[in-house]
*Asks:* 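The structure that follows is given in the form of structure tokens.
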Protein chains: 2
Amino acid sequence: MGRPPAYHRETLLRQIVACLWDGGYAGTTISEVVKNTRVNAASLYGLFGSKKGMMLAALEHYAAEHKKGVESALQSSSTGPGRVEALLRYTLKTGTARPENRGCFLVNSVLECASPTCEISQAVRGYMRDLRERIERALEEAPPGPRPQFTPAEAAAYVQAQMWALALHARLDSVAHGEVLIRQTLDMLFGREAASDVRSAVA
Amino acid sequence: MGRPPAYHRETLLRQIVACLWDGGYAGTTISEVVKNTRVNAASLYGLFGSKKGMMLAALEHYAAEHKKGVESALQSSSTGPGRVEALLRYTLKTGTARPENRGCFLVNSVLECASPTCEISQAVRGYMRDLRERIERALEEAPPGPRPQFTPAEAAAYVQAQMWALALHARLDSVAHGEVLIRQTLDMLFGREAASDVRSAVA
């Protein structure tokens, strides 16, 4: 615990996220966290209060990092289809990072959580809402927009649902199915021609 | 252990599925299973060999039950859009069953699993493939089929991805978002008119 506190907290949270993302909330013991962070249990409880408090801090840290990745993917293109494609590719790529194919920490956590009323599920629900709203704004700012039958909010929710399915494809290591889903999503949202234009521009 | 063995195994597996589905694989201890099944640990190990063996047997039992539910949903309509709608409604309904909003045991399990090479993940991958093939056949048998840009296999994979997203909506208790996703999926797969026809027929 000799490092500067701010640096320490950032590094520590990154290590804790790695631990809990690998092993899951229920599957990770405090002694594994102690082993991986080299911070003793008393200090961990001092910082986070409880294992659940540690999990909530880890989810907050991951959500902030994830938001940066999402933002960077969205900003990498100035068109609606380009933004959605970049976002979905980012999801599949981060989810299939070796050696673990860890998927998405938020998705894994909510599916592990015993009840939708638990604090972990509530926290994830808030992060998911933030992301959905961010996707909605990114689509509004970047023509061409989705087919007219979608409201912007519906299009954003649709994209997020496909991100969840991609996180599962990542976890199952079925990258080829994930690629097909990305193409289908672009065709569905924007129509075949708009989606093809983006793919040719990217290729 | 005085009941007839066949009856006993069926009931026991149903109780074990309930336990593991509620608490997750890592989050459920053998003593909780003992408490809920009133079968002692030695007998459980005798039957299943290990906690992982018990989980694999529970997944097999759940997958067989799930398959019956899927089959019944698919057979409830003679049209492609009607079959997909029934299947997606079944997914949302079973996933949001009270009090737990447990989602789908297969989806929860694969997301909890530490690696795509683990036996649990491999088993789930097999059940997912079986279900996808079943959906594909159900679509082939029931006109009108999906839009022409979908091969039957791609349409089935697309439907399955939406089932996964619905399982997550169920887990987050966001039923309204799930309903929107069902409508979007039907519009996307079959075109707006075919999908509307089914909804009017169902309503």
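Computed from heavy atoms alone, side chains included, the values below leave out hydrogens, waters and symmetry copies. This is a predicted model, so every value here is computed, not measured. Lettering of chains follows the sequences in order, A, B, ..., and the numbering in each one begins at 1.
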*Asks:* Listed by residue number, which members of residues 121-136 of chain A have a heavy atom under 4.5 Å from any heavy atom of chain B?
*Replies:*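 Within residues 121-136 of chain A, near chain B: S121(A), R125(A), R132(A).
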
*Asks:* With a 4.5 Å heavy-atom cut-off, do W164(B) and L166(A) have their side chains touching?
*Replies:*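 With C-beta onward as the side chain, the pair stays apart.
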
*Asks:* For atom NZ of K51(B), is the number of surrounding heavy atoms from other residues, nucleotides or ligands below 6.0 Å larger than 12?
*Replies:*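 Yes, NZ of K51(B) has more than 12 neighbouring heavy atoms, counting only those of other groups under 6.0 Å.
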
*Asks:* Return the minimal non-hydrogen interatomic distance between V110(B) and R171(A), and the atom names on each side.
*Replies:*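 Nearest pair, atom of V110(B) first, then R171(A): O-CG, 3.4 Å.
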
*Asks:* For L181(A), is it the side chain, the backbone, both or neither that has a heavy atom under 4.5 Å from a heavy atom of chain B?
*Replies:*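 When you check distances to chain B, only side chain atoms of L181(A) fall under 4.5 Å.
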
*Asks:* Would you mind checking which part of A161(B) comes under 4.5 Å of any heavy atom in chain A, side chain (CB onward), backbone (N, CA, C, O), both or neither?
*Replies:*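 Both backbone and side chain.
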
*Asks:* Check the side chains of Q162(A) and Q162(B) for a donor-acceptor pair under 3.5 angstrom, ignoring hydrogens and angles.
*Replies:*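 Present: a donor and an acceptor within the cut-off.
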
*Asks:* Enumerate the salt bridge (charged side-chain N to carboxylate O under 4.0 Å, His left out) contacts for residues 137-150 of chain B, please, sequence neighbours excluded, ordered by first and then second residue.
*Replies:*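 Passing the test, one end in residues 137-150 of chain B: R83(B)-E141(B).
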
*Asks:* If you take all heavy atoms of E154(B) and V180(A), which pair is closest and at what distance?
*Replies:*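 E154(B) and V180(A) have their closest heavy atoms at CG-CG1, 4.1 Å.
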
*Asks:* Side chains of residues 57-64 of chain B: which donor-acceptor pairs under 3.5 Å do they make with residues two or more places apart or in other chains?
*Replies:*
unit_1, atom_1, unit_2, atom_2, d
H61(B), NE2, E10(B), OE2, 3.3
Y62(B), OH, F105(B), N, 3.3

*Asks:* With chain A as the partner, which of L168(B), T28(B), N108(B) has the greatest number of non-hydrogen pairs under 4.5 Å?
*Replies:*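 Most heavy-atom pairs within the cutoff with chain A belong to L168(B).
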
*Asks:* Picking from Q160(A), H177(A), M163(A), which has the most non-hydrogen pairs under 4.5 angstrom with chain B?
*Replies:*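 Top count of heavy-atom pairs under 4.5 Å with chain B: H177(A).
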
*Asks:* For the CD atom of Q149(B) and the CD atom of Q184(A), what is their distance to the nearest 0.5 Å?
*Replies:*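 The distance works out to 9.0 Å.
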
*Asks:* In Å and rounded to the nearest 0.5 Å, what is the CE to CG distance from M188(A) to D187(B)?
*Replies:*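 Taking CE in M188(A) and CG in D187(B), the distance rounds to 10.0 Å.
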
*Asks:* Check whether F150(A) gets within reach of chain B through its side chain, its backbone, both or neither, counting any heavy atom under 4.5 Å.
*Replies:*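 Just the side chain, heavy atoms under 4.5 Å.
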
*Asks:* So which of A26(A), C104(A), S109(A), A167(A) has the biggest tally of heavy-atom pairs under 4.5 Å with chain B?
*Replies:*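 Heavy-atom pair counts peak at A26(A).
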
*Asks:* As an exercise, state the distance from CG of L111(B) to CG of L172(A), rounded to the nearest 0.5 Å.
*Replies:*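 One finds 7.5 Å between CG of L111(B) and CG of L172(A).
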
*Asks:* Going by residue number, which parts of residues 66-74 of chain B are within reach of chain A, meaning a heavy-atom gap below 4.5 Å?
*Replies:*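 Interface residues of residues 66-74 of chain B: none, nothing closer than 4.5 Å to chain A.
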
